[in-house]
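All remarks here apply to the structure that follows.
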2 protein chains.
Amino acid sequence: MDAGASDRPARPTLAAVAARAGVSPSTASLAFSGAGPVSESTRARVLEAARALDYGGPDPRAQSLRRGRSGIVGVVMEDRLREAFRDPMNIAMLDGLADELGPAGLGLLLLTEPGSGGAGLSLAPVDAVVLVGCSTQLDKAVVVLHQRGIPVVAIEAEPMADVLSIDLDNADATARAARHLRDLGHADVALVTLPLEPSHARGALTEERLAASTAFTAKERIRGARQVFPDAGGVVAAGSSVEEGMIAGRELLRGSRPTAVIAQSDLLALGVVRAAEELGIRVPEELSVVGFDGVRIEGAAPWELTTLVQPAVEKGRAAGAAVVELLAGVTPEPRAFTSELRLGNTTARRA
Amino acid sequence: MDAGASDRPARPTLAAVAARAGVSPSTASLAFSGAGPVSESTRARVLEAARALDYGGPDPRAQSLRRGRSGIVGVVMEDRLREAFRDPMNIAMLDGLADELGPAGLGLLLLTEPGSGGAGLSLAPVDAVVLVGCSTQLDKAVVVLHQRGIPVVAIEAEPMADVLSIDLDNADATARAARHLRDLGHADVALVTLPLEPSHARGALTEERLAASTAFTAKERIRGARQVFPDAGGVVAAGSSVEEGMIAGRELLRGSRPTAVIAQSDLLALGVVRAAEELGIRVPEELSVVGFDGVRIEGAAPWELTTLVQPAVEKGRAAGAAVVELLAGVTPEPRAFTSELRLGNTTARRA
DNA sequence: CTGTTAGCGCGTTCAC
DNA sequence: GTGAACGCGCTAACAG
């Protein structure tokens, strides 16, 4: 008994259409796919039969099985959609991805894996998978994908065997920003980091949390900052937003405060600037703030953040291109992108 | 010849695993799916054989064919991803959708149809489809979906036969905002609308364009506004963004200007406010502005837009729930959501 | 140009 | 609890 279709109007099949048209199934198949030599009259007859039977063309599911391809690329983002989409970088990246995948006839299957350990991932009929900022939690799922011969591309993820990585110089770039601050005379620098755990818990940045964390990007950026300021402490935000930045900023700026803040995203950085504003602390005179991403935020004026501009769309495009190549049997080279320090008016020499 | 896999390591199949374990394929299948009576020892043997052969479990593509379900729901958005994601409402809606679909084990396949007439749509192995703010352009694709027995849910779309609609009171709500303006003494009101054509052409709002337009939401909102201000003219923006709002605002506010503007999104409204600011026109003293959506925009301060708050997440949730029901064979009722006029400080009595 | 023959990899009856 | 057989709907080979 089929749940959901109590009355089967006996949906027509290609074979039925072929019979109706008086041709063989394979001929009918060719008539639909367009490829292959089919006489105009035969094709017309097939199409006519299809119309008569109300047949909508070959079933994509059967095609996938037969062809071994579904035309779908899974995109796994660690966060819930609302979190993931809040960050303009993710969107830019997806956009780049879609730019490459769309023309190749591939669709984007959004898979979020909130702790499910990649269950959906191994059940989805995908031709390839793109991991976005995923932790190593997905190990098992990735193993299954490999067993199936499904190529995996990872953007900013802990290196994994047989996973093509599209990387960003998170550590180096942050170190560059840190040196910029040091050159300006800053020594007391605090960090505002992206979430360290899937739970998105707010709080102080402790060594325990850091050690237990699986958030690759956040950890790399911390590592970079500490290459220059080994003792830099800070707070962990619950997400990448101006609001979270303000919360972190208020926390950081009360009492004896740092002279500079390295925030792990522009949204966070802007939040810190706002918090400072709120507390009557002048930026950049009394507090320098740097961000990461290089997104233009609506309403950020009059601030022009000093930030690390990352090529988000390019990252997505590279991932998409890699997927296309992998599906074509080519083995692309891993890519590494670099971010550029853009000086704005939120950093200045230490007072 | 298989492109892309020159060396076939002969990926194992369920049958192979079964043979290795010394059981029949059907038994092995049961061992994997968990359903059905299989002795613990047999299952262990099967799993062991799978490990030995490096078998990752049943192939999702074959499963979809056999089961007639792929576990994938297609989401069609008219715009390019970058456009679609720029609007917070779309994201909220997707989020609600994912909320309902995820737990039901359904993935979201993003399909954008930039004029391709729904080609990808009819080729994708989806169990159901959600149309988001789509024009009637997709008629043909929808017909194919029906032929396949694939349920279709549409959010804010022109009513179509056999398509479950999740609606918003675009016209009524806008009329309510318009009446609010009229009550404040405004008579000269201009519109800033969302794009009317897939081309996203900017320009004056003319009757020709309106008549030719397939943008349901935009047209409905115009209709609502004109219920109160029958002669209201205005401009068409190229998208929903602050930047576009500013462009529209500059256009509208030079020369003899209206005393109030009805923008079709909060982003547009904020842009108009900015444009006014730029031109030295005080809001709300010299110009009243209303928006639509009810999104809190980062950096909108000190303005609190007067706007129509729509339940975007709920819309998505309702669509998701409807999809789940439809797939379960239940026929859900169409839903209609209402927006609420929220008074902010961007509207005031006419000077 | 068209028909015939085989499966793709799996799940699901039924019997046993 | 397990096995045998069949078919999901289509397409890739080859043969005519």
Side-chain angles (χ1 to χ4, degrees), chain A residues 1-3 5 8 10-46 49-50 53 55-71 122-123 125 127 147-150, chain B residues 1-3 5 8 10-46 49-50 53 55-71 122-123 125 127 147-150:
Chain A
M1 178 75 76
D2 268 4
R8 275 190 167 269
R11 236 167 276 300
T13 75
L14 215 198
V17 172
R20 178 74 139 75
V23 298
S24 85
S26 70
T27 303
S29 175
L30 292 181
F32 277 107
S33 73
V38 179
S39 75
E40 204 38 64
S41 64
T42 306
R43 139 166 312 158
R45 221 149 18 96
V46 172
L53 295 176
Y55 176 73
D59 179 338
R61 279 181 285 258
Q63 286 181 314
S64 332
L65 174 57
R66 187 60 244 237
R67 304 223 242 244
R69 287 275 162 94
S70 62
S122 8
L123 292 175
D127 292 344
Q147 291 175 326
R148 296 230 177 88
I150 295 178
Chain B
M1 177 77 76
D2 267 6
R8 274 193 168 265
R11 237 168 275 301
T13 75
L14 217 199
V17 172
R20 179 72 139 75
V23 298
S24 85
S26 69
T27 303
S29 173
L30 293 182
F32 278 107
S33 72
V38 180
S39 76
E40 204 38 64
S41 64
T42 306
R43 139 167 311 160
R45 220 146 22 91
V46 172
L53 294 177
Y55 175 72
D59 180 338
R61 277 181 285 257
Q63 285 182 314
S64 351
L65 174 56
R66 186 60 244 230
R67 301 221 243 247
R69 287 278 160 91
S70 62
S122 9
L123 292 175
D127 293 344
Q147 292 176 325
R148 297 229 176 89
I150 294 178

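Keep in mind that this is a model prediction, so the values were computed, not measured.
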Where the side chain of [X] is defined as all heavy atoms beyond and including C-beta, which of [options] is the nearest nucleotide?
X: A/Ser24; options: C/dT4, D/dG1, D/dC10; result: C/dT4
X: B/Ser29; options: C/dT2, C/dG11, D/dA13; result: C/dG11
X: A/Val23; options: C/dG3, D/dT11, D/dA5; result: C/dG3
X: A/Thr27; options: D/dC8, C/dT2, D/dT2; result: C/dT2
X: B/Ser39; options: D/dT2, C/dG3, C/dG11; result: D/dT2
X: B/Thr13; options: C/dG9, C/dG11, D/dT2; result: C/dG9

Nearest whole Å is fine: how far is [N] [atom2] from [X] [atom1]?
X: B/Arg66; N: C/dC10; atom1: CZ; atom2: P; answer: 13 Å
X: A/Leu65; N: D/dA12; atom1: CG; atom2: P; answer: 12 Å
X: B/Arg69; N: D/dG9; atom1: CZ; atom2: C1'; answer: 17 Å
X: B/Leu123; N: D/dT11; atom1: CG; atom2: C1'; answer: 15 Å
X: A/Leu14; N: D/dG7; atom1: CG; atom2: C1'; answer: 16 Å
X: B/Arg45; N: D/dG1; atom1: CZ; atom2: C1'; answer: 12 Å
X: A/Asp59; N: D/dT11; atom1: CG; atom2: C1'; answer: 13 Å
X: B/Leu53; N: C/dG9; atom1: CG; atom2: P; answer: 14 Å

Requested in this report: Heavy atoms only: give me the nearest A/Phe32-A/Gly57 pair and the separation to one decimal.
Outcome: CE2-CA, 4.2 Å

Query raised in the report: Taking all atoms of both residues into account, what is the closest heavy-atom pair of B/Ala31 and B/Arg43, and its distance?
Result: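 In this case the closest contact between B/Ala31 and B/Arg43 is O-NH2, 3.3 Å.
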
Heavy-atom side-chain proximity of [X] to [Y] below 4.5 angstrom:
X: B/Arg148; Y: A/Pro60; result: yes
X: B/Asp59; Y: B/Arg66; result: no
X: B/Asp127; Y: A/Arg61; result: yes

With a 4.0 Å limit, can you tell me whether [X] has a side-chain N or O closer than that to the phosphate oxygens OP1/OP2 of [N]?
X: A/Thr42; N: C/dT2; result: yes
X: B/Gln63; N: C/dG11; result: yes
X: B/Tyr55; N: C/dC10; result: yes

Report summary line: Comparing nearest nucleotides in DNA chain D, the 5'-proximal residue of the pair B/Leu30, B/Ala62 is B/Leu30

